[in-house]
Every structure is written in structure tokens, then in C-alpha cells.
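In what follows, a single structure is set out as C-alpha cells and then discussed.
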Amino acid sequence: MSRYSASDIEGKWQAAWDKAGVFTAKRDETKPKYYVLEMFPYPSGRIHMGHVRNYTMGDVVARYKMSTGHNVLHPMGWDAFGMPAENAAMASGGHPKEWTYNNIDVMKGQLKPLGLSFDWSREFATCDPEYYGQQQSLFLDFLDAGLVYRKNAVVNWDPVDMTVLANEQVENGRGWRSGAIVERKELTQWFFKISDHADELLDAIDGLDNWPAKVKLMQSNWIGKSRGLEFSFDVIDAPEGFDQVTVYTTRPDTLMGASFVGISADHPLARHLETQNADIAAFNKECRQMSTSEADMEKAEKKGFHTGLRVRHPLDPNWELPVWIANFILMDYGTGAVFACPAHDQRDLDFARKYDLPVRDTFFALDNDTPVDHVAFVPPKTEKVRWVNHFAGLDVATGEDAINATVDFAEKAGWGTGVTKFRLRDWGLSRQRYWGCPIPVVHCDDCGVVPEKKENLPIQLPDDVSFDKPGNPLDRHPTWRDCSCPSCGKPAQRETDTMDTFVDSSWYYARFTSPNSGTPTDLDDVKYWMNVDQYIGGIEHAILHLLYSRFFARAMQITGHLPQTAVEPFNALFTQGMVTHAIYKRENQDGRPTYFYPEQVELRDGKAFLIADGAEVDIVPSAKMSKSKNNVVDPVAIIDAFGADTARWFVLSDSPPERDVEWTASGAEAAGKHLARVYRIAAEIAYENLAANDQDQALLKDMHKAIHDVTQGVESFGFNASIAKLYGFTNTLAKSKAGSEAKRMAARTLAQLMSPMTPHLSEEIWALLGGDGLVIQSPWPVADPAMLIDDEVTMPIQVNGKRRAEITVSKDLPSSEIEKIALAQDGVVRAMDGATPKKVIVVPGRIINVVV
RNA sequence: GCCCUCGUGGUGGAAUGGUAGACACAAGAGACUUAAAAUCUCUCGGCUGUAAGGCCGUGCCGGUUCGAGUCCGGCCGAGGGCACCA
């Protein structure tokens with residue numbers, strides 16, 4: 001009997017699957033289709049544990065669905081545009097294209113040995129001209145349908161490198177290369193009109209039954225529908241054209257607590273004032289010297305500048321409020337102006353205290369005049385509150401009524417309007433970078449912005465570009481921009497901006513259904529395959545990627561690229577947790593950190609020491625694995641040492657799939673040992689002589705329980721639970737009596753139940769035990785419900801909630817009998833200490849609780 | 001700062017409101033072996049007790065309940081997202 005050797009069997013079975021063509025998806029109207037998709041990877045260079053975890057989970061689902069009679073589509077491709085390729089080109093002088101395709105080769109070579117059930121015939125990379133050409137075609141259709149438009153928007157601008165920076169390239173307000181203080185700069189950019197669909201995208205969340213609740217909540221919050229009041233303050237001694245300042249508030253009930261009006265530094269009034277007043281100009285400039293990241297803005301010190309202007313309170317013409325420019329007010333949300341109520345908003349309160357502005361109480365206790373001192377006090381929807389308003393005096397109402405009453409009053413009096421607003425902003429897709437999909441439009445002196453003709457697509461990226469200086473090389477390419485106007489034919493210039501890489505990943509799922517189609521999608525194919533039945537990916541994509549994809553599905557439906565039935569792209573979503581690892585770092589003298597790889601570090605007594613110099617380094621526990629932090633772990637070593645099945649089994653074991661998992665090196669070896677044990681047990685069974693017709697009932701019962709539990713685990717993404725049951729079933733099998741037909745059948749069933757997780761080993765032992773054909777093509781075993789019921793149940797007995805004894809009784813025994821037996825138990829009698837029970841709770845089959 | 005999530009033995013984790021710690025890892029003891037590896041068996045939350053048993057225990061404080069790891073409120077800590085990282 002030979003030892004288990006992964007390297008001997010894994011290649012063999014992968015070849016067998018290829019030969020049988022089991023993973024090549026073809027339309028087949030006679031079978032139910034099942035489309036399982038994992039978020040495709042960015043080709044960063046090497047696969048990491050997160051990829052292995054993600055694709056193994058998808059593979060389990062895909063293989064399980066194949067076994068249950070589905071026609072499965074399980075494709076794989078590459079999200080291949082993006083900044084790292086340009087960064088690499090700048091750092092080491094290569095070309096982004098070469099870097100990207102090399103990485104794809106390497107990573108595909110690393111993925112292949114895992115034996116994943118991908119239909120590789122559908123593979124594409126988003127940087128393939130065939131793909132981004134179709135994306136340009138989609139863009140033109142969206143443009144035609146009014147789903148895209150141009151407007152000004154701010155970007156992070158590095159004044160030294162003269163280039164646009166991504167938020168991640170801004171470090172403490174400075175450009176990552178030049179170290180220059182970053183400025184905000186306005187550029188004309190392209191936008192998708194996602195906000196037109198805000199309400200619908202929000203409403204449709206309710207129908208996403210198989211999405212995680214937290215993702216739905218995050219999306220809802222992100223879309224951020226709010227009801228509020230929009231109204232204007234009259235400006236006293238207003239500058240020409242600025243008679244009023246319009247504000248939006250979701251808390252009109254706090255209007256009597258107003259203490260000042262705040263406007264954004266980008267507000268038209270602020271922009272006007274800075275032309276009149278150098279101090280205001282300086283303050284606004286300071287406000288604009290801030291990253292565009294919302295987190296940075298919110299964390300920055302709250303600062304303001306009194307404009308000297310005053311406005312009249314709408315409820316009291318004699319009440320004047322000062323107008324301040326404040327650095328925390330976003331021009332992009334609402335009207336770019338707010339009224340501040342420091343009594344009920346922490347940020348307003350901080351601001352008021354800093355600049356010595358009044359704090360006016362608006363809410364009071366029901367029975368006395370004590371103000372509600374809670375700064376973030378939101379009146380409860382259903383309970384009544386006492387609050388100050390100027391149209392009805394001190395009044396009592398529920399919070400909701402208070403808000404509605406103010407809106408009603410404002411509308412009737414004619415100084416305000418109840419409006420619905422969304423936090424969701426339109427999606428800016430323009431990027432001033434080379435390695436992305438060119439936006440297929442032309443700028444003509446006579447005709448303005450003109451869409452490129454479809455027959456000229458794809459507009460391909462030029463290969464002869466240099467990355468020796470920062471900025472977009474398309475801008476400085478000698479000839480690429482030159483073209484003729486698609487409308488008038490005169491010499492014109494191409495747009496040099498490329499598309500946000502989120503565009504690429506917003507429709508790839510549809511392209512996988514017909515990757516070679518001459519149009520973005522083939523209608524027959526999308527009708528058959530869409531929607532994605534199960535989408536699996538990282539929780540870090542919970543908002544942007546998923547929301548953009550949902551928008552794209554709608555836009556593609558409007559433009560006829562998806563059928564009416566495919567409004568939502570993903571029927572079910574599973575968000576896996578991240579693979580995390582400690583970060584080892586050391587602060588340099590200039591304050592910037594240096595990161596070290598795990599293998600450069602030695603761990604002693606919970607501290608980390610750099611092997612090179614023996615000195616201690618800082619440990620940041622449990623952070624997302626990230627290339628830039630050097631805390632990635634390479635799974636290839638594990639695959640090489642133990643085989644694919646071990647790596648797969650290992651990443652599925654122990655941790656619940658949705659939870660983050662801290663990577664530790666131990667454990668892979670144990671997984672390998674277990675698989676070797678399974679092989680050994682199966683091989684022993686295969687060579688046993690069969691005794692006559694021996695039915696091992698206990699073994700069969702456990703087999704049916706295993707079928708039930710493993711199936712349930714796989715169906716509900718409880719892979720760790722499935723594996724725990726498989727361990728238990730393996731132990732039962734190992735200890736069961738040799739030579740029974742039942743044992744052989746149980747071993748074959750074990751092979752089937754393990755096959756989604758360890759497909760190679762399963763094929764091997766399936767064949768060893770005389771299974772028919774390939775295990776991947778065998779129908780999934782079905783549990784016999786009769787075998788799942790135990791005749792006897794063990795029930796704990798509690799006295800006042802503390803466990804004192806347990807009894808084993810027939811499952812059909814009436815509660816009154818159970819109660820009698822329970823009360824007679826030694827432990828129960830002792831705990832009751834002579835008292836008579838007040839109450840005895842018997843939960844049949846579960847527990848008995850005696851209350852004394 | 002805002003939105004979201006998580007917190008259980010030495011470790012990963014299990015537990016439809018019903019026996020907390022399943023299943024594993026690590027550790028310890030033993031069997032086999034000349035020896036080692038491999039394999040197999042046993043022990044394994046803390047305190048206490050010869051034992052039977054008892055007390056404590058799911059980040060902290062409080063609440064609901066016959067019964068709370070689970071539900072509710074408030075804290076503390078860690079992680080993810082915050083629109084140009086993918």
C-alpha cells in the first residue's frame with residue numbers, strides 16, 4: 001500500500017478533468033444553470049492567501065452545484081488596469097503592459113495547481129484591447145442615453161510633480177514622491193449619473209434576500225437618503241447677487257437652536273468674498289490645501305473664518321446670525337451651506353466653543369425646564385419631547401412630528417421646502433493616468449466634445465510611452481492625441497483621461513457569459529447565464545464595487561446590453577473575511593515607516609526582532625494583508641510542500657468564512673496529516689475482504705448525519721462546520737468494524753462529501769474504492785431523514801438555571817414522565833435541598849429547568 | 001470624525017435563547033520502535049477537593065428571561081470602509 005503523495009495524484013486528476021471537459025461551460029436549456037463568480041484578482045504579481053481562500057470557497061460552491069445537477073459557469077479573469085503597474089514602471093523602468101501580463105502569467109501558473117474548476121476558455125484581462133474596446137462601446141451607448149456627463153470636480157494636485165494624486169498617494173497632506181503640500185484643483189471630468197438611480201438602488205436593496213445584512217446596511221447608509229428642509233437666509237447688506245444663502249438641514253426641529261450659518265470654502269459666496277478680502281482668500285486657500293479624502297477632512301481640526309456678513313433668522317427678522325466659512329462643510333453635499341445648532345451636534349458644539357458662539361438649548365425634559373444636555377440628542381420617533389419653536393411656542397411632540405411640523409410650517413409660510421436628498425454623489429470616472437481604458441471622445445475646436453465613432457474602437461493605448469517623469473504620459477505623447485474630429489473631420493485631439501478601474505470591474509461578470517462577442521454582451525448568453533447566482537469576494541468591496549456594479553447592470557439594461565430580468569447583477573453575495581497578518585515596522589528618522597516581511601523577523605515572548613540587526617521592531621497586530629505593508633504570506637510554499645488539497649482544506653478549516661482570519665504558519669502540516677490519514681483509511685478499506693452482508697447501523701447513521709451536516713454547511717457557507725463534521729465522520733469510519741459493505745459505502749460517501757474541498761484526493765480514493773466514473777460527475781449523496789432521528793435523547797436538568805444532572809430518555813416520552821424522572825435524580829434532589837419546585841419547564845428533546 | 005463588524009481555553013474556533021468550549025492545533029503522558037520519524041491511546045478553561053462533588057468562567061457594567069456567549073442599553077478594545085488603492 002503506497003503512501004499518500006499529493007504530487008503524484010494532483011496532476012493526474014487535473015488532466016482527467018481537462019480531458020473530460022468537465023469545467024467548460026456550454027448553454028444547456030435542459031439543466032438549471034448556476035453562475036458562481038469570485039471577484040477577479042488584480043494581477044499584483046503573486047497570489048496571496050486571500051486569493052486562495054476566495055477561490056477555494058467559490059470552487060467548493062461550483063463543484064457542489066455540479067454534483068447536484070446544475071450547469072455551472074465558473075469563470076476567471078484579471079482586473080488588470082491600475083496604478084501599481086504605473087508605479088512599477090516609474091520605479092524600475094519597465095512598461096505597465098509588460099509588467100501586467102507577466103504578472104498574469106505568474107499568477108495563473110500559481111493558481112493552476114490548485115485544481116480550481118475554472119472555465120479557463122473564458123479568461124480575459126480588462127487591459128486586453130478586446131475587452132476595453134467593448135467597454136468604450138458601452139461608454140458611448142451610456143453617453144447617448146444621457147447616463148454620462150461632464151462637470152468640474154476637485155482632485156488632489158501635487159504642485160511640484162504637476163500631477164494628480166490618488167488619495168492613497170497623499171501622506172499627511174503631502175505628495176508621496178515630491179513631499180509637496182497637496183492642493184485641491186478643479187478639473188473638468190466625466191461622471192456617471194448614478195445619483196439619478198439613487199432612490200431605485202436604495203429601494204432594490206430590500207429585494208436582495210441573499211446578501212449579507214451588513215452589506216445592505218452599508219449600501220443604504222452610503223446612498224444616504226434623508227428628508228429635510230431646504231430654506232434660505234436673507235443676507236443683510238448682501239454683496240451683489242448674494243441676497244440669500246440656501247441651506248439644507250435634516251434637523252429643522254433644531255432651528256431655534258441656530259447660532260451661526262456655515263458655508264463651504266468652495267461655496268459661491270465664499271469664492272466671491274475671497275476676491276474682496278485677502279484674509280478670506282488666505283483662509284479658503286488653507287481649506288483647499290487638504291486632501292479630498294472625507295476621512296482626512298473629518299479628522300482635521302475644525303476651523304472657521306467669520307466673513308463679517310450676517311443673515312436674518314427666517315422665524316424672527318430681528319434675530320441675526322453670523323456667516324462663517326468652515327473647513328468641515330462639503331460643497332458636494334446638500335447646498336454647501338448649513339445652519340449650525342451647537343446644542344445638538346457635536347461638531348457644531350466644538351466649533352461654537354472654539355469661536356465663542358452661543359449654544360441655545362432647544363429640547364427640554366417633559367416635566368421641568370431642564371434642557372436635554374445630550375449633544376447628539378435626536379428626539380425619539382415615537383416618544384414625545386418638549387422643544388422650542390417659534391411658531392407654536394414651547395411644544396410637545398414626537399421627534400418625527402417635530403421635524404414634520406417645522407417643514408409644514410416653512411412650506412405654508414413660504415420660506416422653505418421639504419426635500420429629499422441623497423448622500424450618494426455622481427461617480428467621477430476620469431483618471432489622469434495612462435494604464436486604464438481610454439475615454440473614447442475627441443475634443444474639436446469647432447464641435448466641442450465629440451464621441452468617437454464605434455467603428456474606430458478600440459481606441460488603443462500607445463505602447464511607446466515613458467514613465468521617466470510624473471504625470472500622464474498620454475498628455476506628452478508626440479502623436480497619440482492627434483486625430484480627426486468624428487463630426488467635422490478637422491484635426492482634433494483625443495481625450496487623454498482614462499477610466500476609473502472600477503468601470504472595468506462593473507460589467508466583467510456580464511462579459512464572462514460571452515467573452516468573445518463582437519458586442520459588449522451577447523443577448524442569448526446573458527439571458528441564459530445572468531444573473532450571477534453566487535458572488536463571492538472581500539468585505540472591503542461592500543460599498544463601491546458592488547454599488548457601481550448594481551448601477552452598471554441598470555445602465556446596461558437601459559442601453560439594451562442586459563435583459564430586463566437582470567437588473568440586479570448578483571442574486572446572492574457572500575463576503576469572506578480578510579486574511580490578516582501582523583505588520584512589522586520601524587519608524588525612520590524622517591517619520592516614515594519601513595515595513596519588514598514576516599520572514600525577516602524573529603518572534604520571542606510576544607515581541608518581534610529583526611533578524612538582520614537583532615533589534616526590536618514594532619508590531620501592528622492583525623491588519624489586512626497588503627503589498628505595501630509587506631505583511632503578505634505566499635501560499636505557493638504550502639502548495640509546493642503539501643499539495644493543493646492540503647492548502648484548500650487548510651484555508652477552509654477552523655475559521656468561519658465570513659470572518660477575518662489571522663494567518664499563522666502552523667496548521668497546514670496538520671491538514672496534510674489528516675488528508676494522509678483519510679487516504680490510509682480508504683486504502684485499507686479498499687483492500688479489506690468483505691464479510692457477509694454486514695450492515696453497520698451506527699456507521700450508517702453517522703454517515704447520514706455527515707451527509708446532512710456537510711450539505712448544510714456547504715449550502716450556508718459554513719465550510720468550517722462541514723469540515724468539523726468530516727473529521728468526526730472520519731473518526732467514526734476509522735473505528736468501525738472492518739469488512740462490512742457499509743464501511744466501503746461510507747468511505748465512498750466520504751470521498752464524495754470531501755470532493756468539493758479536496759477534489760484530487762477524493763477522485764483518488766473514489767477510484768480506489770471502485771466508484772463509478774469521476775467523483776465530480778457523481779450525484780451528491782442524499783441523507784435519509786429516517787436515519788437522522790435518534791430514538792433516545794439526552795437531556796440536561798437544571799435547577800434554577802444551573803445544570804445538576806442529565807437523563808437519557810426515549811424521544812417519545814411525555815413531558816409529565818420526563819418531569820417525574822428528572823425530579824428523582826440525585827443531583828436534582830441535592831440541589832433542591834428539600835424545597836418544592838415552583839415550576840418545572842420541560843422543553844422536549846432539549847432541557848428541563850426546575851425553578852424553586 | 002462618520003458608517004459597519006468583531007471580542008469565547010495556550011491557539012483557530014463550535015454552540016435554532018436551552019449541557020459553554022464540538023472539531024482541530026499546540027502541549028503533556030503512555031504504547032509501538034535498538035532509536036527516531038510515522039502511527040495509535042489517554043489528559044488538557046480556572047480554583048478547590050483523596051474522591052463524589054462544589055465554586056467561578058464567553059472584553060467590562062447593567063437589563064429582559066425559568067434560562068443569555070446568543071436579545072436590549074451603555075462602555076472598552078481591535079479591524080474594515082469613507083468616493084483617485086484594488
Side-chain angles (χ1 to χ4, degrees), chain A residues 3 39 41-42 44 79 81-84 153 155-156 164-170 212-215 217-218 220-222 224 292-300 302 328 332 346-347 350 423-433 500-502 504-505 538-545 547-548 577-578 580 621-624 626-628 653-656 658-662 664 666-667 669-671 673-674 676-677 680 718 720-721 723-728 731 734 794-806 826-827 830 838-841 843 845-851:
Chain A
R3 293 262 297 269
M39 292 178 185
Y42 178 77
S44 56
D79 187 15
F81 276 136
M83 289 204 309
V155 293
N156 299 311
V164 176
L165 297 177
N167 282 334
E168 107 167 336
Q169 296 171 322
V170 181
K214 65 174 168 179
V215 175
L217 185 59
M218 280 194 262
S220 295
N221 289 338
W222 187 260
T292 59
S293 142
E294 189 176 320
D296 290 345
M297 281 191 273
E298 288 286 342
K299 274 186 286 201
K302 307 293 174 270
F328 59 84
D332 286 324
Q346 185 64 54
R347 197 169 54 182
D350 295 345
R423 211 184 74 94
L424 180 68
R425 310 199 295 257
D426 276 335
W427 170 14
L429 67 117
S430 300
R431 297 289 181 273
Q432 296 69 42
R433 290 180 223 297
D500 179 7
T501 54
F502 272 118
D504 313 337
S505 54
I539 185 67
E540 67 272 24
H541 293 293
I543 297 173
L544 292 181
H545 162 62
L547 189 62
Y548 292 158
M578 281 168 302
T580 62
S622 189
K624 174 185 172 182
S626 161
K627 263 197 104 174
S628 58
S653 302
D654 293 346
S655 286
E658 69 279 7
R659 201 180 295 182
D660 288 355
V661 51
E662 167 85 22
T664 54
S666 64
E669 198 179 323
K673 277 185 192 175
H674 176 71
R677 178 168 178 248
R680 210 164 45 240
N720 55 323
I723 283 184
K725 184 61 202 175
L726 285 167
Y727 270 108
N731 289 339
T794 300
M795 296 172 70
I797 306 161
Q798 299 180 332
V799 177
N800 285 339
K802 280 185 185 296
R803 182 180 174 280
R804 296 297 177 186
E806 70 173 36
D826 283 351
R830 206 182 310 129
K838 281 190 199 132
K839 196 162 144 193
V840 180
I841 293 149
V843 185
R846 285 253 172 234
I847 202 166
I848 300 135
N849 193 9
V850 182
V851 187

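All heavy atoms count here, side chains included; hydrogens, waters and symmetry mates do not. Quantities reported herein were computed from a predicted structural model and do not represent experimental measurements.
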### Query
Thinking salt bridges, do A/R423 and A/E294 make one under a 4.0 Å N-O criterion?
yes
Might you point out which heavy atoms bring [X] and [Y] nearest each other, and give the distance in Å?
{"X": "A/A542", "Y": "A/M218", "value": "CB-CE, 3.7 Å"}
{"X": "A/W427", "Y": "A/D500", "value": "NE1-OD2, 2.9 Å"}
{"X": "A/M795", "Y": "A/V843", "value": "CE-O, 3.4 Å"}

### Query
Nearest 0.5 Å, what's the CE-NE2 distance between A/M39 and A/H541?
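NE2 of A/H541 is found 5.5 Å from CE of A/M39.
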Rounding to an integer number of angstrom, what distance separates [N] and [M] when you compare their [atom1] atoms?
{"N": "B/A22", "M": "B/G13", "atom1": "C1'", "result": "10 Å"}
{"N": "B/C25", "M": "B/C40", "atom1": "P", "result": "10 Å"}
{"N": "B/G53", "M": "B/G63", "atom1": "P", "result": "33 Å"}
{"N": "B/G9", "M": "B/C3", "atom1": "P", "result": "30 Å"}
{"N": "B/C4", "M": "B/G12", "atom1": "C1'", "result": "24 Å"}
{"N": "B/C60", "M": "B/A52", "atom1": "P", "result": "30 Å"}
{"N": "B/G18", "M": "B/G67", "atom1": "P", "result": "14 Å"}

### Any donor-acceptor N/O pair, A/K299 side chain to A/M297 backbone, under 3.5 Å
no
### Message
Need one value for A/S430: base, sugar-phosphate or nothing, where a base atom within 4.0 Å counts as base even if backbone is also close, heavy atoms only.
### Response
base
Please report the distance, rounded to the nearest Å, between [atom1] in [X] and [atom2] in [N].
{"X": "A/R423", "N": "B/C4", "atom1": "CZ", "atom2": "P", "answer": "11 Å"}
{"X": "A/E294", "N": "B/C85", "atom1": "CD", "atom2": "C1'", "answer": "17 Å"}
{"X": "A/E669", "N": "B/A27", "atom1": "CD", "atom2": "P", "answer": "10 Å"}
{"X": "A/I543", "N": "B/A86", "atom1": "CD1", "atom2": "P", "answer": "17 Å"}
{"X": "A/E298", "N": "B/C2", "atom1": "CD", "atom2": "P", "answer": "8 Å"}

### Message
Quick check on B/G9: syn or anti? Syn means the glycosidic torsion is within 90 degrees of zero.
### Response
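You should classify B/G9 as syn.
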### Query
Does OP1 or OP2 of B/C66 have a side-chain N or O of A/N800 closer than 4.0 Å?
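It does not, given that no N or O in the side chain of A/N800 lies less than 4.0 Å from OP1 or OP2 of B/C66.
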### Message
Whether A/K214 contacts B/G79 is assessed here as follows: a side-chain N or O lying under 4.0 Å from the phosphate OP1 or OP2. Is that the case?
### Response
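For B/G79, neither OP1 nor OP2 has a side-chain N or O of A/K214 closer than 4.0 Å.
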### Task
Taking the side chain as every heavy atom from C-beta outward, state whether A/I539 and A/K214 have any pair of such atoms under 4.5 Å apart.
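Side chain of A/I539 against side chain of A/K214, heavy atoms only: contact under 4.5 Å found.
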### Task
Using Watson-Crick or G-U wobble pairs with both distances under 3.5 Å, give me RNA chain B in dot-bracket, 5' to 3', with [ ] for crossers and | for pairs to another strand.
(((((((..(((.....[....))).(((((.......))))).((((....))))..(((((..]....))))))))))))....
Which nucleotide sits closest to the side chain of [X]: [options]?
{"X": "A/R425", "options": "B/C3, B/A83, B/G54", "answer": "B/A83"}
{"X": "A/L544", "options": "B/C66, B/C85, B/A83", "answer": "B/A83"}
{"X": "A/M218", "options": "B/G53, B/A83, B/G80", "answer": "B/G80"}

### Query
Which letters describe nucleotides 14-24 of chain B, given B = protein heavy atom under 4.0 Å from base, S = only from sugar-phosphate, - = neither?
S-B-BB--BSS
